[in-house]
2 protein chains.
Amino acid sequence: MSLHLVPDLRNPDVLNPDLHTPDLLNAGDAPPRIAAVGVADFADVPRTAGADVSTLDWRPPAGGDPDLAWKLAELTGHEAVEAANRTAVDRLLAVRPVWRDVRTARDVLPVLDDRTTGERVLLHAGPPVDWADMCGPMRAGVIGAALLEGWADTPEQAELLADTGALCFEPCHHHEAVGPMGGITSPSMPVLVVEDPATGRRAYANLNEGAGRCLRYGALGDDVMDRLRWMADVLAPALRAALAARPDGVDLRSVVAQALQMGDECHSRNTAASALLLRDIAAPLARVPHGPEVLEFLAENHYWFLNFSMAAAKLATSAAQGVAHSTLVTAFARNGVEVGIRVSGLGDAWFTAPAAEVRGLYFAGYGPEDANPDIGDSAITETNGLGGFALAAAPAITGFVGGTVQEALRTSRDMARITLARHEAYRLPALGGIGSPVGIDLRAVLDTGIEPVVTTGIAHREPGIGQIGAGLAHAPLECFRKALEAFAVPETVDAAGAPRT
Amino acid sequence: MSLHLVPDLRNPDVLNPDLHTPDLLNAGDAPPRIAAVGVADFADVPRTAGADVSTLDWRPPAGGDPDLAWKLAELTGHEAVEAANRTAVDRLLAVRPVWRDVRTARDVLPVLDDRTTGERVLLHAGPPVDWADMCGPMRAGVIGAALLEGWADTPEQAELLADTGALCFEPCHHHEAVGPMGGITSPSMPVLVVEDPATGRRAYANLNEGAGRCLRYGALGDDVMDRLRWMADVLAPALRAALAARPDGVDLRSVVAQALQMGDECHSRNTAASALLLRDIAAPLARVPHGPEVLEFLAENHYWFLNFSMAAAKLATSAAQGVAHSTLVTAFARNGVEVGIRVSGLGDAWFTAPAAEVRGLYFAGYGPEDANPDIGDSAITETNGLGGFALAAAPAITGFVGGTVQEALRTSRDMARITLARHEAYRLPALGGIGSPVGIDLRAVLDTGIEPVVTTGIAHREPGIGQIGAGLAHAPLECFRKALEAFAVPETVDAAGAPRT
């Protein structure tokens with residue numbers, strides 16, 4: 001098949017399947033060579049008649065909505081949008097994330113400073129969600145955090161506090177923060193501080209608890225609470241003291257770039273990046289109180305780098321936020337009930353859809369019926385060209401999330417069809433060192449129908465249990481359709497600023 | 001081209017190019033479809049005449065020597081050889097290399113115990129070589145070791161000692177030891193001890209100095225000497241003390257298996273394995289004197305694991321040595337002048353050929369005219385299914401040794417044609433997780449004409465300078481031809497032990 005179909009997006013008739021007849025595609029007396037696009041059933045009739053039918057993986061733009069397809073056509077190649085997207089993606093790529101510090105959340109996130117607000121605020125993953133609507137693992141996170149803060153002595157008391165409105169909830173994303181899975185971040189928890197030296201901008205993430213029973217997955221119990229207390233009392237001060245020996249901080253861009261050469265995609269596989277980060281900080285840690293036990297914890301935690309990857313991604317994508325007319329997606333986050341995206345040119349609005357199912361591999365004894373839908377801020381790594389977008393870098397991950405090496409390569413290739421750029425530092429060795437696709441373009445998602453993919457863990461839907469598997473999920477097309485509906489086609493102006501016809 | 005040529009190895013006429021005419025390969029009136037095998041020029045005449053000529057990458061068995069080809073044919077499928085090779089490769093694969101200790105060389109290698117021998121012995125890489133014949137970088141290693149041991153106060157005195165026969169030289173391989181590049185190991189140097197718990201067998205390697213100016217590459221100077229003294233006085237005792245907290249040692253098989261999923265081939269790329277080994281030992285090191293400075297050294301040394309990979313490989317391949325009738329290659333080593341191999345069924349003999357040229361990339365200011373030929377014991381990693389044999393695991397290495405990702409994949413596939421097994425623990429993610437090819441079969445090398453490949457550093461040919469590049473080299477076919485000449489075709493016996501006809 002050397003036939004190429006390039007639909008004219010400015011012509012809504014492209015959406016009319018009646019026009020796609022074999023007669024239009026062939027001429028002369030040669031046996032018909034037929035390309036079927038769109039509805040798969042179209043291929044059956046000619047195929048039954050013995051024709052050679054190639055099925056193209058093509059979906060109508062904008063999910064088949066003619067009005068949105070019109071708007072999409074108007075935005076395609078629009079010079080104001082193209083210019084805005086270049087600005088936005090350049091800003092994203094210019095960020096140099098440096099790990100600067102580990103601080104107590106209330107000291108760096110004013111919303112969590114209960115000393116001044118007088119309120120009991122918790123940050124959570126994804127777009128805004130009320131306590132009444134929260135999924136099981138996020139509710140467990142709230143209960144655990146209330147116990148940790150001493151606001152409640154029992155899980156029942158904690159639930160009563162939430163039920164009676166005594167707790168306030170804010171998305172992490174509203175405060176330049178991110179948290180994996182439930183993402184619950186409370187005032188006394190330590191957070192890592194990532195800074196862009198050129199601008200002084202900062203982003204934050206809580207610290208990774210490791211594998212096994214963790215609050216982020218909704219596990220509850222003395223073991224979970226004890227570890228969280230140890231992280232605040234021992235781990236955070238030791239890291240902070242060790243970082244004092246690194247006055248320039250730790251260059252996270254370099255760690256990610258190296259880790260992509262070492263089998264990580266820096267979302268669901270962080271083995272290499274975690275080992276590299278440990279390597280960089282081992283000697284300074286060996287010189288501070290509790291250094292050896294901190295090194296033991298880090299040596300066991302192969303997910304340690306995830307929260308760094310997320311904070312670095314938040315710092316980069318936030319830099320691209322707020323460029324008028326830009327269709328770049330600057331956030332992609334899930335609260336376990338809804339998935340939401342934010343778009344550079346659309347302000348702070350979230351465009352949401354019901355959270356997607358995660359397809360993957362389950363731990364022994366669990367299955368899809370136990371799974372919570374897709375949850376967590378960690379999809380910010382995909383928004384930054386990592387995770388599912390860099391899947392080609394991590395062939396070994398297929399044993400964890402499912403699929404084959406060839407599918408991993410194809411996933412990175414597919415994601416390049418919905419992104420604006422190739423990352424200049426984050427490269428994919430299995431694809432000959434080409435940059436990872438970065439900068440999700442709202443238009444391209446709707447044009448191709450390709451939903452951004454995310455590699456993710458699977459939490460049990462009931463509170464108190466924890467992780468039960470890992471796999472792949474997608475950002476639903478509906479988020480993007482809603483964002484396009486909200487998007488105003490910019491007026492085309494000439495060099496003098498006058499509208500063009 | 002679906003045409004397959006399977007030469008009958010029992011027919012020496014297969015070596016007669018006169019028989020390979022297009023007429024033999026085609027029939028009827030269809031346009032001729034020609035397969036050219038052997039001499040590339042054969043393809044020119046029919047190609048000039050407009051024929052469709054496919055050139056097969058085929059070489060006559062045994063390098064075209066009819067007598068050797070006869071012997072090769074007799075050994076092909078020979079049941080005593082097949083059984084011996086199964087035994088040998090099973091022994092190789094059964095070894096579980098565990099890092100047990102760091103000791104002073106004279107305390108664990110009797111040949112270096114100058115307290116009892118009264119002699120000044122140095123170990124060197126590769127097959128036996130006299131001082132008079134040694135290449136530049138190895139001579140520099142001898143000079144540096146003589147200075148380190150206090151046998152000489154100046155390089156001139158050291159050379160005089162060697163010139164007058166006051167120094168003795170032995171291959172590392174003769175003492176269950178291995179050393180990269182020059183491989184010079186002297187009595188006071190620390191060596192790492194790797195043990196197979198099931199048998200108690202041990203193998204040894206000196207410690208890796210890092211990158212830059214190193215004795216193993218033939219660099220000389222105060223910086224080189226100071227580092228070697230620090231390694232003996234500080235590094236080795238700290239590692240030994242830290243290992244005391246690991247009573248079961250460190251499982252090197254597990255480190256290699258993980259590192260292959262992380263872009264290493266554990267010969268010329270050891271970034272991941274070195275980081276994993278640091279991770280495993282960081283907490284114990286943080287608890288012993290000089291732990292922080294040792295961690296600083298390890299964090300900077302991305303080749304640290306190479307010597308562990310080599311000692312583990314030596315332990316595995318030695319287990320396969322001495323199986324009567326086995327054609328398994330158990331050593332492949334270079335002294336910078338000659339390359340030598342040892343074969344399981346051929347005792348302790350070395351079969352040598354002039355050392356090969358290394359083709360690769362040079363540091364700025366250097367070129368092939370500066371390069372020493374292939375040198376070092378590190379090809380023991382290839383003998384163990386790593387290095388060039390596992391090149392598919394290390395796409396990023398192509399930026400260091402040259403070539404493309406596709407060539408790296410093909411190299412691992414080619415090496416599978418000359419090996420007896422797939423490693424059960426060492427797997428290649430980019431090839432869908434198939435085991436790395438392991439167990440070089442003398443017969444297969446001569447049958448296919450495929451020379452074992454090695455990823456390696458390039459040393460300057462003059463003493464005192466050091467590394468100038470990295471690339472790929474091959475074990476010359478001549479080594480294998482000599483080994484085959486020495487190989488006796490075993491008598492075929494029936495179940496009762498009587499010779500078969």
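Note that these values count all heavy atoms, side chains included, but never hydrogens, waters or copies made by symmetry. This structure is a prediction, so every number in the text was calculated from the model and none was measured. Labels below follow one simple rule: chain letters A, B, ... track the order of the sequence lines, proteins then strands, and each chain is numbered from 1.
Defined by atom type and a distance below 3.5 Å, a donor-acceptor pair is present between the side-chain atoms of B/S254 and B/Q258. In this model, a donor atom of one side chain and an acceptor atom of the other lie less than 3.5 Å apart for B/H267 and B/S378. Side-chain contact of B/T455 with B/E265: a donor-acceptor pair under 3.5 Å is present, judged by distance alone.
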Test side-chain contact (heavy atoms from CB on, under 4.5 Å) applied to A/T398 and A/T404, step by step: CA-CA 6 Å; A/T398 55; A/T404 66; 5.7 Å; no

Derivation and outcome, side-chain hydrogen bond (donor to acceptor under 3.5 Å, both in side chains), residues B/W99 and B/E195: CA-CA 6 Å; B/W99 178 27; B/E195 183 180 281; over 6 Å; no

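Contacts between B/R269 and chain A at a heavy-atom distance below 4.5 Å involve the side chain alone, from C-beta outward. For A/T271, the parts lying under 4.5 angstrom from a heavy atom of chain B are both the backbone and the side chain. Interface remark: A/A282 contributes backbone and side-chain atoms alike to the contact with chain B (heavy atom separation under 4.5 Å).
Annotation: maximal heavy-atom pairing with chain A below 4.5 Å, among B/P292, B/P395, B/A286, B/P429, occurs at B/P292. Counting heavy-atom pairs closer than 4.5 Å to chain B, the top-ranked of the candidates A/R279, A/E296, A/Q261 is A/R279. For chain B, the option among A/A396, A/G263, A/A299 with the highest count of heavy-atom pairs below 4.5 Å is A/A299.
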